[in-house]
Amino acid sequence: MPEGNILHRIARVHGQWLVGRSFTADSPQGRFSAGARHLSGRRLVSVDAHGKHLFHLFEGGVRLHLHLGLFGHLRHFRSRAPPPSAACRLRLASPQVTLHLAGPQACELLGPEEEAQLRSRLGQDPLRPDASPSRAFEALRRGRIPLAAALLDQERIAGVGNILRAEALFLARLPPLRPASELRLADFERLWEALRLLMEDAARDGRIVTPHAPPAPWETPGKRREDRFSVYDRAGQPCPRCATPISRVTLAGRGLFFCPGCQTPHGHTASVARRKVMEHAPKT
DNA sequence: CAAAAATGCTGAC
DNA sequence: TCAGCCTTTTTGT
């Protein structure tokens with residue numbers, strides 16, 4: 001379910017509503033009972049997101065590491081919470097706020113050096129204020145794999161998932177299958193900026209919505225899922241920018257969506273040139 | 001009801 | 001590269 005923007009959103013919500021409170025913890029599902037006992041009664045000191053990982057620091061130096069994986073789900077309740085589902089791995093309850101965690105890939109207590117080691121393996125996170133774009137540029141260009149594959153490698157850039165990859169490459173007009181080592185600085189700068197914009201909007205609004213402009217005549221208004229994206233999960237449908245049918249290829253076992261019409265090696269300059277020609281064309 | 005799929009990651013070939 | 005993890009939602013009988 002979540003890409004990095006969702007984790008940052010959760011961290012912000014927890015920072016506002018959970019930090020400073022003490023919680024009773026338990027594990028209805030049972031697989032985190034020992035950890036929950038250790039957390040119970042402690043005050044939450046801080047919350048931090050890095051990529052798709054969440055780090056909660058409780059008083060006494062107790063560190064909780066969460067990763068939602070593909071299925072993980074967090075629910076928040078004010079005042080009265082419903083009974084937890086049988087799959088609820090961790091419940092944190094206070095008089096004002098209750099949290100239910102189900103299906104996480106990771107829910108564990110870490111020592112300080114374990115946490116540091118984990119964090120040191122994560123790449124630059126576009127949503128973190130301490131992110132270094134030049135280090136991200138370096139990391140992306142290492143090795144000889146397609147740019148689209150490098151973007152999902154959390155040790156190069158942290159927080160990008162399959163949707164953000166597709167939408168950011170589309171916004172930056174970059175061909176996803178070109179070797180990452182051939183990425184030029186100007187292309188990277190467009191890509192980084194697209195990631196930052198998409199992720200910041202999505203962290204604030206709670207969902208990824210791409211500003212695909214202009215509104216195309218073949219698009220019908222609606223709230224169905226596919227309307228939120230320009231290329232992700234839209235194989236065969238017309239590109240909102242150039243109307244070429246969107247492609248889907250399988251790369252490293254996962255679907256990659258892109259527009260073969262305008263995500264071309266020099267798609268950016270080519271389309272700018274085309275627009276200039278249009279501007280100077282005689283009016284009809 | 002059952003089945004399938006999903007924005008992720010790991011460990012074993 | 002593939003199965004497995006594990007939950008929720010959507011789709012199909």
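Just so we're on the same page: letters track the sequence lines, and every chain starts at 1.
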note: A:R234, atom CZ; B:dA6, atom C1'; distance rounded to Å ~ 18 Å
From CG of A:L68 across to C1' of B:dA6 the rounded distance in Å is 14 Å
Residue set satisfying salt bridge (charged side-chain N to carboxylate O under 4.0 Å, His left out) with A:E193, at least two apart, ordered chain then number -> A:R196
The complete set of ring-ring contact (aromatic ring centres under 6.0 Å, His included) pairs with one or both residues in residues 90-145 of chain A, sequence neighbours excluded, reads A:F77-A:H100, A:F137-A:F188
Side-chain atoms of residues 82-89 of chain A: list all donor-acceptor pairs with protein atoms under 3.5 Å, sequence neighbours left out, distances to 0.1 Å.
residue	atom	partner	partner atom	Å
A:S85	OG	A:A87	N	3.3
A:R89	NE	A:Q29	OE1	2.7

For A:R43, the salt bridge (charged side-chain N to carboxylate O under 4.0 Å, His left out) test, sequence neighbours excluded, returns none
Original post:
Are the side chain of A:S40 and the backbone of A:A25 linked by a donor-acceptor contact shorter than 3.5 Å?
Top reply: yes
Are there any protein N/O atoms within less than 3.5 Å of an N/O atom in nucleotides 9-13 of chain B, and if so, which ones and at what distance?
residue	atom	partner	partner atom	Å
B:dC9	OP1	A:H67	NE2	3.2
B:dC9	OP2	A:K52	NZ	3.1
B:dC9	O4'	A:Q105	OE1	3.0

Rounded to whole Å, the CG-P distance (A:N162 to B:dT7) equals 5 Å
For residues 5-25 of chain A, the ring-ring contact (aromatic ring centres under 6.0 Å, His included) pairs (sequence neighbours left out) are A:H14-A:H56, A:H14-A:H76
To the nearest angstrom, the CZ-C1' distance between A:R89 and C:dT8 comes to 15 Å
From the candidates C:dT7, B:dT7, C:dT9, the one with an atom nearest any side-chain atom of A:R75 is C:dT9
